[in-house]
Amino acid sequence: MHFLHLSDTHIRNDYTTNSFTSPIFSDEFNPTDSFKKTLDHINRNAKETETHYEFALITGDLVHEGDPTDYQLFKSIWKEKMGDLPYFFCRGNHDRRQAFATGMAVSVNEDGDYIDQTDYQGLRIITLDSAQDGGHEGVISKRQLDQLKEWLAEPAEKGTIVLLHHPLAWEESEIKTEVPTGFEETIENSDILGIFVGHIHQGSLAYYGNKLQTMVEAISFGVDEFPNKSVFTNRTGYNSCTISEGHLSIHSVVMSPSQTVIGGCKKPVTENV
């Protein structure tokens with residue numbers, strides 16, 4: 001089973017009307033164009049490698065503090081480039097609660113959180129909502145934990161994957177997701193194969209509750225963290241993922257800066273090169 005992991009698309013119809021996006025994006029480089037270029041690259045690469053993607057995960061910040069029309073732009077680009085390829089998504093801290101629910105046409109729970117469970121050909125896909133109003137870092141509510149326990153009570157035929165925006169495990173202690181007591185144990189004692197996150201705009205792997213957490217490069221821009229500052233770059237990328245016989249594998253693709261071909265060799269390799 002092949003699928004895509006993308007994150008932090010930060011789509012807007014107009015980047016000049018937001019105080020954060022206006023200084024760093026331009027007609028030459030902006031998340032909307034990066035989104036289109038990434039999807040074009042995915043399609044070309046899939047054709048060349050004869051890879052058939054069955055679905056995609058998009059782990060939050062679909063738009064950047066926009067309204068329902070920005071979500072319509074997001075969906076129209078996806079439809080234009082990817083046709084009817086299904087995608088599963090979660091809310092990020094830059095997805096405003098009401099605009100997200102309206103624009104993506106989803107229902108929310110009593111707390112206003114978007115959480116969901118879908119069976120995709122025997123694979124259970126669970127969406128959690130770690131975004132909070134007015135806060136940058138993640139929070140998982142007790143209500144979400146109770147629902148998660150109910151969903152995970154019985155193993156799925158092909159296991160479970162979970163997507164949320166904020167990382168559950170990260171090297172900087174101040175960048176973490178607040179979770180209720182028993183959350184990590186619930187993750188550990190489950191059939192979860194992998195946890196898919198975004199938010200940090202970097203690609204990395206970590207473990208949480210003895211489950212693999214994969215963080216993907218952002219579609220919009222990259223971030224390099226230093227002790228006293230965060231540096232934004234033009235790095236973008238996505239992950240190509242495979243589940244086979246209950247095992248998850250991840251292939252990271254960096255889109256920008258562009259790479260230069262310096263050589264190659266034919267396969268199969270018969271000599272030590």
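Just so it is clear, the values below take in all heavy atoms, side chains as well, and ignore hydrogens, waters and symmetry mates. Just so you know, residue 1 is the first one in the sequence shown, and it goes up from there.
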Answer yes or no: is there an ion pair linking Arg235 with Asp224, defined by an N-O contact shorter than 4.0 Å? yes
Between Glu65 and Arg96, is there a side-chain N and carboxylate O pair less than 4.0 Å apart? yes
Which residue in the set Asp33, Leu39, Thr32 passes side-chain contact (heavy atoms from CB on, under 4.5 Å) when paired with Phe35? Leu39
Taking the basic N atoms (NZ, or NE/NH1/NH2) and the acidic carboxylate oxygens, is any pair closer than 4.0 Å for Asp191 and Arg124? yes
Would you say Cys90 and Leu128 make side-chain contact, with heavy atoms under 4.5 Å? no
Min side-chain heavy-atom separation Gln132-Asn93 under 4.5 Å: no
Just wondering, do Leu163 and Ile126 contact through their side chains at under 4.5 Å, heavy atoms? no
Under 4.5 Å between any side-chain heavy atoms of Val253 and Thr38, yes or no? no
Can you check whether Ile195's main-chain N or O pairs, donor with acceptor, with Lys211's side chain at less than 3.5 Å? no
Trp170 and Ser204, any side-chain heavy atoms less than 4.5 Å apart: yes
Is a side-chain donor-acceptor pair under 3.5 Å present for His10 with Tyr15? no
Is the closest basic N to carboxylate O distance between Lys142 and Asp146 below 4.0 Å? yes
Are the side chains of Phe3 and Phe88 in touch, meaning some heavy atoms are under 4.5 Å apart? no
How about Thr21 and Arg12: do any of their side-chain heavy atoms sit closer than 4.5 Å? yes
Any side-chain donor-acceptor pair under 3.5 Å between His166 and Ser130? yes
Indicate whether the side chain of Ser240 and that of His2 have a donor and an acceptor atom separated by less than 3.5 Å. no
If we only count heavy atoms from C-beta on, is the Asp95 to His64 side-chain gap below 4.5 Å? no
